[in-house]
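Reviewing the structure listed below.
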Amino acid sequence: MLEKVKDFSRKNNYTVMLLVLLVVLLLFFTITKGSILWTVGTWKGVMMQFPEFGLMTLGIMFCFISGNIDMSFVALGDFATIMAVRYMAAHTTEGMSNGQMMGVILVSLLIVAAIGAIGGVINGVLIAYLNIPPVMATIAMQLVWLGLSTALTQGYAVTGVLPLYTEIGHTMLFGFLPVPLLIFIIVFAICAFLLKFTTYGKKLYMIGTNVKAAKFSAINTKGMIIGTFVLADIICCFGCMLMVSTMNSAKADYGTAYVMNVILILVLAGVIPDGGMGKIFNVLLAIVSIQIISSGVNMFSNLNPYHASLIWGGLLIIVLILSTKFTGGGFRLLKRKRVKTK
């Protein structure tokens, strides 16, 4: 039995680390703020808050596994939601039925998906065909989307969200299941299926492990990279649409902190930017852990959200140090080993 536990630990370093982290966090906040932590209101808040950045994390996870990174997803999502809310506002009339409002909402979601797809194609082409480093290409596009959003809105929030859509961010199904959480569960299940049970998932890991070997295996690597960015950015844009349902507006700089939060979560989960690595279950554990830290900090009256950022930054450094131990010398050595054994 002990040997099985040790074998599992060796093969699942990040899973064990995340489970230990989750237990430590729950113990700490139980001891210090147990009367607040274990209340229905606290856990309702947790379930309402993490789905929006959770969706973004799932989207960018695909980019990381492919060996790429996207820094533009929040700016792109903000632009997409601004266009969607402007459409809602322009097509809202007094006395609209729920059916009419649902039609407007569906068109707005299609607009968001289309803009996300366009952003993904642009990112993919810049990286796959023009060979621009992913960080530089997506930072440039981040500035482009931010500039477009600011020019359209002059930096002000765009209002006019339909009341029916606003209810999505605050509605509980069956009295305990938040609609945002249900959306996250559905997207999570789809992403898990794509990674574990489709050829797309297998090819994605192959590209992240060794893109040259993937080319020689008759994989259309350029098409895969473009398709991955399209998928990732569409999911991220829907994550930004969840923000709209809670904020009741869209703005050029909503969710800017999520860029680093998403990167932190993925690195914490072992989905490193070198590519070819990562388990979606670990991503879920990391998302929940980060949200517990954020909610836990809010329980202390003498702390503010900036203290959560301090904790997240410290966690990132610790995980990066531990990662070098897990891989026997760091990200680069791991990648060489994987290529060599192939």
Side-chain angles (χ1 to χ4, degrees), residues 14 17-18 21 49-78 116 119-120 123 127 133-143 145-146 184 187-188 191 195 204 208 225 228-229 231-233 235-240 243 253-294 305-306 308-324 326-327 330-332 334-335:
Y14 283 97
M17 180 185 70
L18 287 165
L21 173 64
Q49 291 165 15
F50 81 77
E52 56 191 43
F53 70 82
L55 285 187
M56 299 179 198
T57 304
L58 293 177
I60 301 305
M61 172 189 66
F62 287 97
C63 293
F64 270 43
I65 292 173
S66 72
N68 293 289
I69 191 171
D70 187 355
M71 304 294 290
S72 67
F73 64 93
V74 171
L76 172 63
D78 285 336
N123 286 337
I127 293 163
V135 172
M136 301 308 297
T138 55
I139 286 177
M141 289 310 303
Q142 178 187 48
L143 296 175
W145 297 120
L146 179 60
F184 175 82
V187 175
F188 179 87
C191 292
L195 289 177
L204 192 69
I225 290 172
T228 297
F229 272 100
L231 174 64
D233 285 331
I235 294 174
C236 289
C237 286
F238 282 137
C240 287
M243 276 199 297
D253 60 353
Y254 277 167
T256 51
Y258 284 159
V259 175
M260 296 312 299
N261 286 4
V262 166
I263 293 174
L264 165 63
I265 291 168
L266 290 173
V267 174
L268 188 63
V271 188
I272 59 177
D274 274 348
M277 288 188 66
K279 298 179 180 179
I280 193 168
F281 177 69
N282 290 350
V283 173
L284 177 62
L285 289 176
I287 290 171
V288 173
S289 298
I290 291 300
Q291 182 57 52
I292 288 175
I293 292 173
S294 180
Y306 295 106
S309 298
L310 175 63
I311 297 170
W312 294 337
L315 267 178
L316 181 58
I317 293 173
I318 292 170
V319 170
L320 289 172
I321 293 171
L322 289 175
S323 295
T324 63
F326 292 163
T327 62
F331 297 146
R332 295 184 179 277
L334 171 68
K335 196 162 188 177

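- You'll find the side chain of M61 stays beyond 4.5 Å of the side chain of I265, heavy atoms only.
- Contact of the L146 side chain with the T256 side chain is not registered, since no non-hydrogen atoms from C-beta on lie closer than 4.5 Å.
- Under the rule for a ring pair (Phe, Tyr, Trp, His ring centres under 6.0 Å), F238 has no partner lying at least two apart in sequence or in another chain.
- For residues 256-286, the ring-ring contact (aromatic ring centres under 6.0 Å, His included) pairs, not counting sequence neighbours, are F53-Y258.
- Nearest heavy-atom pair, P51 versus F184, reported as atom, atom and distance to 0.1 Å: CB-CB, 4.0 Å.
- Heavy-atom minimum distance, F188 versus L284: CE1-CB, 3.8 Å.
- Looking at Q142, its side chain does come within 3.5 Å of a backbone N or O of M71 through a donor-acceptor pair.
- Separating the SG atom in C63 from the CG atom in N123 is a distance of 8.0 Å, to the nearest 0.5 Å.
- Put simply, the side chain of N261 does not reach to within 4.5 Å of the side chain of I290, judged on heavy atoms.
- F229 and G120 get closest at one heavy-atom pair: CB-O, 3.3 Å.
- Across every non-hydrogen atom of M56 and C236, the tightest pair is O-SG, 3.6 Å.
- Atom CD1 of residue I69 and atom CG of residue D274 lie 11.0 Å apart, to the nearest 0.5 angstrom.
- Taking every heavy atom of both residues into account, L18 and A269 meet most closely at CD1-CA, 3.9 Å.
- Not counting sequence neighbours, T138 has no partner by the side chain to side chain donor-acceptor pair (under 3.5 Å) test.
- Contact of the C191 side chain with the I235 side chain is registered, since non-hydrogen atoms from C-beta on lie closer than 4.5 Å.
- Atom CG in L264 sits 8.0 Å away from atom CD1 in I293 (nearest 0.5 Å).
- Under the side chain to side chain donor-acceptor pair (under 3.5 Å) criterion, Q49 pairs with Q291, not counting sequence neighbours.
- Pairs engaging residues 275-290 under the side-chain hydrogen bond (donor to acceptor under 3.5 Å, both in side chains) rule: N12-K279, T15-N282 [sequence neighbours left out].
- Side-chain contact between I280 and L58 is present, with at least one heavy-atom pair separated by less than 4.5 Å.
- In terms of heavy atoms, C237 sits closest to L76 at SG-CG, 4.0 Å.
- Between D78 and M243, the closest side-chain pair of non-hydrogen atoms falls below 4.5 Å.
- Atoms CD1 and CE, from I139 and M136 in turn, are 6.0 Å apart once rounded to the nearest 0.5 Å.
- Partners of S66 by side chain to side chain contact (heavy atoms under 4.5 Å, CB included), not counting sequence neighbours, listed by chain and number: N68, L204, T228.
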Please lay out, stage by stage, how V271 and Y14 fare under the test side chain to side chain contact (heavy atoms under 4.5 Å, CB included).
CA-CA 10 Å; V271 188; Y14 283 97; over 6 Å; no

